[in-house]
Amino acid sequence: LQLLILAALAVSVVSCNYGIPDTDYKTLAPIEIVADNNVYAKQGVEFVFDYEVKSDREVSYEWCYGAINGSFPQMRDSMVISHTKEINHTFLVPGNYVLRLKADNGESCIFKYFNFTVQAGFDRGIMVLCENEQGEGSLGFIKYRTPQEIADGEQYIWDDILETLNPDMDLKNPTDIYLTSYKDTKSLIIGSKNPARVYKFNPATVELESVQKMDEEYPGSEPLQFIGEYSASADYYCFIASSDTYVYRYDFYADLVGLRSNSMAPVTKGYQGYDGSAKKPFLYSDTHILYPASSAKEYAAPDTLKIVNMAYMRTTSATKKLNIILQSRKEPSHYYTRNGTTSLGSSVNNTGGSFWAKGEVALDENSIMVTTAANQYAYYNFNDKIYRWDVTNLSNVNVTIPLVGDYQKMPDGSSMIPEGEQICAMNNFVNFADVSQNVDDTKLIVATYNPNRPGDKKGSVYVFDLTNNSLIEKYEGCFDKPVKVCYKFPI
C-alpha cells in the first residue's frame with residue numbers, strides 16, 4: 001500500500017511539471033523614486049521638495065517625519081505633514097530627523113527614508129523689533145544670504161518671524177531686543193510693557209523658552225532697556241532700565257528678574273558703551289549717571305547743569321573713554337563736556353570743556369549714539385537726520401556739537417535719510433560674540449517709519465557705509481513701526 005501511494009504521488013508531480021500550462025500572473029506596476037538620500041530644509045521657510053517619481057499609474061503620497069531613534073532610519077516618533085508630492089511644509093525646529101515617503105500607485109506601495117536636516121534659517125541678518133497701531137509686536141528679519149541662496153532666489157525678508165516660529169505668542173508693546181555674547185550661554189531676549197514681560201528665546205532657532213512676568217514680581221516696573229553684560233562662574237546677567245527709575249537685572253542662568261538694591265539712584269534710561277572686549281552699561285537721568293558693576297559707581301552732575309547725552313569712544317586706548325554732554329539749566333545755549341572711565345565717581349573730569357552754541361544745537365536726550373571702530377565719531381539722530389560728533393578730543397578744546405545745518409550728507413549732497421522718513425532706531429554691526437568677525441563695523445543700521453508711505457507696512461531699514469556715507473542697502477515698506485533694531489550675528 002505504501003508503494004502504491006508513493007507511485008501515485010510521483011505520477012502527480014510529473015503531471016504538474018509537464019501536463020498543466022503555467023498560470024499567466026499579472027506584473028504589478030512598479031514605482032521608482034529618484035532623489036538624493038540627504039535632504040535639507042531651512043527653518044521657517046516653506047519646504048518644497050523637487051524629485052522624480054517613475055510610475056505608469058497615478059501615485060498617492062504620504063510624508064511624515066520624526067526624531068531619529070538611535071540610528072537611521074529608526075524613528076522615535078512621527079508626524080504626517082503632507083499628502084502632496086512636493087510636501088509644501090514649513091519646519092520650525094532645526095535638527096536632524098528621518099523623513100519618510102510612502103508612495104502608492106494602487107498596485108505597488110514603497111517606503112523611502114531620507115536623512116533630513118532642518119537648518120537654522122535666521123543665523124545672520126538684521127532683526128527689527130516693531131509695533132503696529134494696536135500695540136501688537138512683531139520681529140522682522142532681513143537675512144544675509146549665501147551666494148547659493150541668492151542664486152536660488154531664497155526668501156530673505158520676513159515681516160514677523162515670531163508669528164512663524166512662535167504662533168501662540170502674544171507680544172504687546174515691545175520695548176527692546178538684546179542678543180547676548182557670552183560664549184557659554186547665548187540668549188536672545190525681548191522686553192515689553194503693558195504687560196511688563198521679559199521673553200527669552202533660543203538665539204539660534206528663535207524659539208520661545210521662558211517668560212518672566214516682571215510687573216507681577218515688581219509692580220510698577222517695566223523693562224525699557226537692556227544694557228551691559230556680566231559673566232562669572234555663578235552669574236550671567238544684563239541690567240534693565242525700568243520706568244519706575246530703579247535698576248534691575250536679568251539673570252540668564254536662572255531666567256529671573258531681580259532688583260539691584262545697591263543701585264538706587266533714580267535713572268530713566270540706559271546707554272551701552274563698547275571698548276572692543278566688553279559691553280559697558282551706563283544708566284542715567286538728567287542728574288545722575290550710574291555704572292552698576294559689582295561695586296556701583298555714580299556721577300552726579302552739578303545742580304546748575306543737566307545731563308543731555310553721552311558717547312563711548314571706540315578708537316582710542318585712552319583710560320577716559322566716556323564723553324558726557326551737559327547743558328546749563330539757566331543758559332540753554334551753554335554746553336559742557338566731561339569725560340571719564342567706566343569707574344565714574346572721582347575719575348570724571350569735572351573741569352572739562354565748555355562752549356556757547358552759535359545756533360540751534362542738533363542734539364537732545366532722545367538722540368541715539370552709535371560709535372564705530374572705523375573712525376572717531378559718534379553717529380546719532382536729531383529731527384530725522386544723521387549727525388556726527390567727534391568724541392576723541394579728550395582735552396575738550398574747541399569741542400562743539402553739530403548745529404541743525406551740519407547733518408551728514410550722501411556723496412551727491414543729499415540727506416542720508418529720505419524726506420518723510422522718521423528715524424526710530426539705530427545700531428551698528430558689532431559681533432560681540434567674536435570680535436574677529438567685526439568686518440562690518442563700518443556700517444550703520446537705521447530703521448525708519450513713514451506714516452505717509454502707501455500700503456500696510458510703513459517701516460523701512462537703511463544700511464550706510466560710514467567711510468563715505470553711502471547707502472548700500474535699503475528695505476523700504478517691509479515692516480510695522482520699528483522700536484529697536486540690532487545685528488543678528490551667527491550663534
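Remember, it's a predicted structure, so these values are computed and weren't measured experimentally.
- Checked by atom type and distance alone, the side chain of Ser460 pairs as donor or acceptor with a backbone atom of Gly477 at under 3.5 Å.
- Within the 4.5 Å cutoff, no side-chain heavy atoms of Ile68 are placed close to those of Met75.
- Ring to ring, Phe141 and Tyr156 are not that close: their centroids are 6.0 angstrom or more apart.
- The heavy-atom pair separating Asp480 from Cys130 by the smallest distance is O-SG, 3.6 Å.
- Enclosure of atom CD in Glu58 is not indicated, since only 12 or fewer non-hydrogen atoms of other residues, nucleotides or ligands lie within 6.0 angstrom.
- Within a 6.0 Å radius of CG in Asp456, other residues, nucleotides and ligands contribute 12 heavy atoms or fewer.
- Taking each heavy atom of Pro281 and Pro292 in turn, the nearest pair found is O-CD, 3.6 Å.
- With Phe382 as the aromatic partner, Lys385 does not meet the cation-pi criteria of under 6.0 angstrom to the ring centre and within 45 degrees of the ring axis.
- Between Ser414 atom OG and Lys409 atom NZ the span is 9.5 Å, to the nearest 0.5 Å.
- Listed here is the closest heavy atom pair of Asn309 and Met369: OD1-CG, 3.6 Å.
- In this structure, Phe91 has its ring center under 6.0 Å from that of Tyr65.
- Residue Ile81 holds its CD1 atom at 6.0 Å from CG of Leu99, rounded to the nearest 0.5 Å.
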Exercise for the section: Take Lys280 and Tyr271 through the test side-chain contact (heavy atoms from CB on, under 4.5 Å) and record every step on the way to the result. Expected result: CA-CA 8 Å; Lys280 304 297 185 181; Tyr271 171 76; over 6 Å; no
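- In plain terms, the two heavy atoms of Asn427 and Leu444 that are nearest each other are O-CD1, 3.5 Å.
- Using a 3.5 Å distance cut-off with no hydrogens or angles, the side chains of Asp104 and Ser60 do not pair a donor with an acceptor.
- Side-chain contact annotation: Asp36 with Tyr40, donor-acceptor N/O pair under 3.5 Å absent.
- Under the side-chain hydrogen bond (donor to acceptor under 3.5 Å, both in side chains) criterion, the residue pairs touching residues 166-177 are Asp176-Lys484, with sequence neighbours excluded.
- Arg197 places no side-chain N or O within donor-acceptor distance of the main-chain N or O of Lys213, the cut-off being under 3.5 Å.
- The 12-atom threshold is exceeded at CD of Gln134, counting heavy atoms of other residues, nucleotides or ligands nearer than 6.0 Å.
- Contact of the Val39 side chain with the Phe49 side chain is registered, since non-hydrogen atoms from C-beta on lie closer than 4.5 Å.
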Practice task
For the pair Tyr178 and Cys238, evaluate side-chain contact (heavy atoms from CB on, under 4.5 Å) and give the outcome as yes or no after the intermediate values.
Solution key: CA-CA 9 Å; Tyr178 192 85; Cys238 72; 4.2 Å; yes
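- Between Ile126 and Val463 there is a side-chain heavy-atom pair separated by less than 4.5 Å.
- Taking a 6.0 Å sphere around CG of Asp56, one finds it holds 12 or fewer heavy atoms contributed by other residues, nucleotides or ligands.
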Handout entry: Pair Tyr387-Asn383, side chain to side chain donor-acceptor pair (under 3.5 Å): steps then yes or no
Key = CA-CA 10 Å; Tyr387 294 81; Asn383 284 353; over 6 Å; no
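- Leu259 and Tyr218 make their closest contact through N-OH, 3.3 Å (heavy atoms, listed as atom of the first residue, atom of the second, distance).
- Among all heavy-atom pairs drawn from Gln225 and Gly270, the shortest one is OE1-N, 2.8 Å.
- Salt bridge Lys143/Asp123: absent, no basic N to carboxylate O contact under 4.0 Å.
- Applying the 6.0 Å contact sphere to CD of Glu163 captures no more than 12 heavy atoms from other residues, nucleotides or ligands.
- Defined by atom type and a distance below 3.5 Å, a donor-acceptor pair is present between the side-chain atoms of Thr180 and Tyr236.
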Exercise for the section: Apply the test side chain to side chain donor-acceptor pair (under 3.5 Å) to residues Ser55 and Asn105: give CA-CA distance (whole Å), side-chain angles for both, the deciding distance (0.1 Å), then the verdict. Expected result: CA-CA 8 Å; Ser55 174; Asn105 66 5; 3.2 Å; yes
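- Electrostatic pairing of Glu365 and Lys269 does not count as a salt bridge here, judged by no charged N lying under 4.0 Å from a carboxylate O.
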Problem - Worked check of side chain to side chain donor-acceptor pair (under 3.5 Å) between Asp384 and Gln422 - result: CA-CA 5 Å; Asp384 301 319; Gln422 302 172 2; 5.7 Å; no
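- One distance of note links OG of Ser221 with CE of Met214; it measures 3.5 Å at 0.5 Å rounding.
- In this structure, Tyr250 has its ring center closer than 6.0 angstrom to the ring center of Phe252.
- Cation-pi geometry between Arg249 and Tyr237 is met: the NZ or CZ atom falls under 6.0 Å from the ring centre, inside 45° of the normal.
- Using a 3.5 Å distance cut-off with no hydrogens or angles, the side chains of Asn202 and Glu207 do not pair a donor with an acceptor.
- Side-chain contact between Cys478 and Lys457 is absent, with no heavy atoms from C-beta onward closer than 4.5 Å.
- Here the side chains of Thr117 and Tyr97 are not in contact, with every heavy-atom distance at 4.5 Å or above.
- Under the 4.5 Å side-chain criterion, counting only non-hydrogen atoms from C-beta, Ile445 is in contact with Phe429.
- Tyr248 and Asp244 are linked by a side-chain donor-acceptor pair at a separation below 3.5 angstrom, with hydrogens and angles left out of the test.
- Separating the CG atom in Asp160 from the OG1 atom in Thr164 is a distance of 6.5 Å, to the nearest 0.5 Å.
- Tyr246 and Arg260 share no side-chain donor-acceptor pair at under 3.5 Å.
- The cationic group of Lys85 lies under 6.0 Å from the six-membered ring centre of Tyr51 and within 45° of the ring axis, placing it in a cation-pi geometry.
- Phe282 and Tyr312 have tilted rings, their planes meeting at an angle from 30° to 60° on a 0 to 90° scale.
- Of the listed residues (Asn469, Asn468, Ile417, Leu471), just one forms a side chain to side chain contact (heavy atoms under 4.5 Å, CB included) with Met410, and that residue is Leu471.
- At a threshold of 4.0 Å, the pair Lys481-Glu131 does not count as salt-bridged, since none of the basic side-chain nitrogens sits closer than that to a carboxylate oxygen.
- Using a 3.5 Å distance cut-off with no hydrogens or angles, the side chains of Glu476 and Tyr462 do pair a donor with an acceptor.
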Practice task
Show your reasoning for whether salt bridge (charged side-chain N to carboxylate O under 4.0 Å, His left out) applies to Lys193 and Asp215.
Solution key: CA-CA 9 Å; Lys193 59 182 181 180; Asp215 55 351; over 6 Å; no
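- By the salt bridge (Lys or Arg N to Asp or Glu O under 4.0 Å) test, Glu32 is found to be paired with no residue, residues two or more places apart in sequence or in another chain being considered.
- Note that the CD1 atom of Ile240 and the CZ atom of Phe226 stand 5.5 Å from one another [nearest 0.5 Å].
- Here Phe47 and Phe116 bring their ring centres to under 6.0 angstrom of each other.
- Under the side chain to side chain donor-acceptor pair (under 3.5 Å) test applied with Lys42, the options Glu149, Glu154, Gln155 reduce to a single match, Glu149.
- Side-chain contact check for Glu473 and Tyr144: at least one donor-acceptor pair (N or O, by modelled atom type) lies under 3.5 Å.
- Within the 4.5 Å cutoff, no side-chain heavy atoms of Tyr407 are placed close to those of Ile386.
- The structure places CG of Leu162 at 4.5 Å from CG of Leu139, a figure rounded to the nearest 0.5 Å.
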